[in-house]
K.L.:
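There's a structure below that I have some questions on.
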Number of protein chains: 2
Amino acid sequence: MVAQRGRRNGAAAHKRTRPPGTPDADNAPTAELPAVSATAAYPEARAKSIPEAAVARLAVYLRILSAMAEQGATTVSSEELSAAAGVNSAKLRKDLSYIGSYGTRGVGYEVAVLVGQIERTLGLTRQHKVAVAGIGNLGHALANYGGFPGRGFPVEALFDIDPDLVGVPVGGIPVSHLDDIPQVCAERQISIGVLATPPAAAQTVCDRLVAGGVQCILNFAPVVLQVPEHVEVRKVDLAVELQILSFHVARRADNELNGKVVDPAVAGNGAVVPS
Amino acid sequence: MVAQRGRRNGAAAHKRTRPPGTPDADNAPTAELPAVSATAAYPEARAKSIPEAAVARLAVYLRILSAMAEQGATTVSSEELSAAAGVNSAKLRKDLSYIGSYGTRGVGYEVAVLVGQIERTLGLTRQHKVAVAGIGNLGHALANYGGFPGRGFPVEALFDIDPDLVGVPVGGIPVSHLDDIPQVCAERQISIGVLATPPAAAQTVCDRLVAGGVQCILNFAPVVLQVPEHVEVRKVDLAVELQILSFHVARRADNELNGKVVDPAVAGNGAVVPS
DNA sequence: TCTTGTGAACGGTTTCACAGCA
DNA sequence: TGCTGTGAAACCGTTCACAAGA
């Protein structure tokens with residue numbers, strides 16, 4: 001869950017930071033018309049960049065809005081939507097304001113309009129073909145989703161090094177060999193690579209995905225990947241997640257030990273029983 | 001990957017925010033001796049809280065340090081370690097400073113010492129028993145890790161609603177029924193629940209996990225969970241990750257369209273071929 | 001001389017509070 | 001009247017730059 005940039009150098013950037021010299025900014029949500037008026041070739045772009053944190057939340061809003069639409073809702077207030085998303089309403093409104101002004105004062109937002117605008121902003125009007133590399137437990141599970149969450153992310157290639165697996169279809173797609181990553185990815189126009197290999201293989205496989213022209217990598221391997229600047233990496237790290245939870249358990253236990261009552265009610269397993 | 005707090009109310013808190021009235025702070029890394037001198041029952045805790053972002057990175061440093069130790073390294077400088085972790089060295093040093101001063105100026109850090117201190121800080125000296133609920137594709141994969149990443153997180157219970165699955169051992173542990181979550185979790189002293197059910201079941205299953213006394217939940221279901229305040233939730237959301245990547249692809253495509261050369265070299269699939 | 005540890009500046013994100021509009 | 005949209009303030013995390021110390 002962390003974006004990286006920069007390649008093999010000590011001053012490597014982290015998260016949404018850019019390497020020192022990069023211009024940054026200049027990404028326009030094209031906040032006005034759906035039609036692409038993006039012909040003006042002027043270096044000064046119009047709109048401000050959307051904060052990464054807001055982008056993540058927009059995806060969450062989108063899911064909730066889609067569910068609401070399915071249940072027949074046509075309008076929603078910032079209060080309702082923010083409650084459903086678990087954020088406060090000011091934050092929600094600010095997030096929505098980054099993509100334009102699509103609400104009606106005194107009334108709320110039209111669900112359908114928001115859905116459309118968020119989809120456009122997130123680039124979901126276009127399909128993003130996905131390849132999964134490493135068909136072990138996790139890769140298998142990912143491949144079997146067969147057409148990732150919520151459409152728009154069809155899995156179109158699978159890779160593994162195991163000869164027993166190569167050629168076998170998983171979730172409808174035959175597994176190709178890791179060696180063929182560059183060719184296959186280029187042929188099938190893969191834009192997102194999902195890395196689910198053991199850590200030792202991760203960097204090599206990553207390099208091949210990059211050679212195959214993928215623009216983004218979703219990395220499940222517990223490894224810090226080195227990629228060229230134009231490739232976006234996001235990391236999902238199970239061990240780190242568990243360790244963060246562990247930290248919170250420890251913190252809480254610590255506080256209780258120190259005589260602070262964190263919550264007068266229950267105190268979780270391994271601790272006191274409620275009187 | 002977002003922590004939540006607060007239960008069923010519009011003003012619900014998000015991320016590391018606390019509900020308005022909560023005291024906050026007061027978690028001490030016990031920065032001095034390994035021995036537990038935590039007998040003083042004074043309400044004023046000694047050390048400042050470690051930022052959540054830093055905690056996540058500490059877990060990453062720990063993995064790298066463990067690998068280095070295995071390869072026989074005994075000391076490491078902030079420069080080396082930060083390069084391996086993909087962060088800048090100032091950030092690394094600040095992160096380490098949150099847990100105490102274990103470096104030697106002009107020299108660096110002792111690998112073994114750092115490993116020990118980070119483990120202590122993250123609460124990894126204690127075992128955290130894990131239960132996985134929802135043994136579908138993903139749950140299966142998680143269960144088969146059998147003893148989660150890097151030891152310390154043994155999987156000790158599995159749950160599903162499918163009668164054909166109940167009783168069947170997966171990764172050595174027989175699957176129990178979702179209805180039995182509270183009893184089984186309490187009996188086996190589960191402290192971390194992993195939610196891998198379909199979204200519709202997630203909140204119910206979550207409630208049972210909480211009833212069973214789990215203190216933390218790692219949520220793979222695309223749902224905003226409502227939990228009591230003393231339960232920590234972290235979310236891993238595949239769809240959101242992909243959509244964030246999609247956003248970046250779209251942004252980049254947009255910029256290129258506007259005549260900005262993002263990277264003079266390659267431009268990813270679907271785009272220009274390098275001259 | 002070299003590297004840590006950290007105060008201070010900076011930049012990004014969240015929250016507040018209210019003006020603007022239906 | 002009610003809810004959106006947004007400047008401005010508050011907050012938090014990151015980066016800088018250098019003093020401290022082995």
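Naming: A, B, ... by sequence-line order, numbering from 1 per chain. The model shown is predicted, which means the values in this text are computed figures rather than measured ones.
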K.L.:
Could you check how far CD1 of I99(A) sits from P of dT4(D), rounded to whole Å?
P.N.:
14 Å
K.L.:
Establish, with yes or no, whether the OP1 or OP2 oxygen of dC3(D) is under 4.0 angstrom from a side-chain nitrogen or oxygen of S78(A).
P.N.:
no
K.L.:
Choose from dT15(D), dT13(C), dT6(D) the nucleotide whose nearest atom is closest to any side-chain atom of S97(A).
P.N.:
dT6(D)
K.L.:
Check this one for me: any side-chain N or O of R57(B) less than 4.0 Å away from OP1 or OP2 of dG13(D)?
P.N.:
no
K.L.:
Could you go step by step and tell me if L225(B) and Q203(B) meet the side chain to side chain contact (heavy atoms under 4.5 Å, CB included) rule?
P.N.:
CA-CA 6 Å; L225(B) 292 178; Q203(B) 183 63 58; 3.9 Å; yes
K.L.:
With C216(B) as reference, evaluate L209(B), I192(B), V233(B) under the side-chain contact (heavy atoms from CB on, under 4.5 Å) test and give the passing residue.
P.N.:
I192(B)
K.L.:
Does Y109(B) have any side chain to side chain donor-acceptor pair (under 3.5 Å) partners at least two apart in sequence or in another chain, and if so, which?
P.N.:
none
K.L.:
Going by heavy atoms in the side chains, are E70(B) and S66(B) under 4.5 Å from each other?
P.N.:
no
K.L.:
For the side chain of Y109(A), starting at C-beta, report the closest nucleotide among dA8(C), dT4(C), dT4(D).
P.N.:
dT4(D)
K.L.:
For a side-chain hydrogen bond (donor to acceptor under 3.5 Å, both in side chains) check, start with the C-alpha distance between E52(B) and H248(A), then their side-chain angles and the critical distance, and finish with the verdict.
P.N.:
CA-CA 10 Å; E52(B) 180 107 353; H248(A) 287 290; 3.0 Å; yes
K.L.:
What pairs of nitrogen or oxygen atoms, one from the protein and one from nucleotides 17-22 of chain D, lie under 3.5 Å apart?
P.N.:
residue: dA20(D); atom: N3; partner: R105(B); partner atom: NH1; Å: 2.6

K.L.:
Side chain of K91(A) only, heavy atoms from C-beta on: which candidate in dT15(C), dA8(C), dT4(C) is closest?
P.N.:
dT15(C)
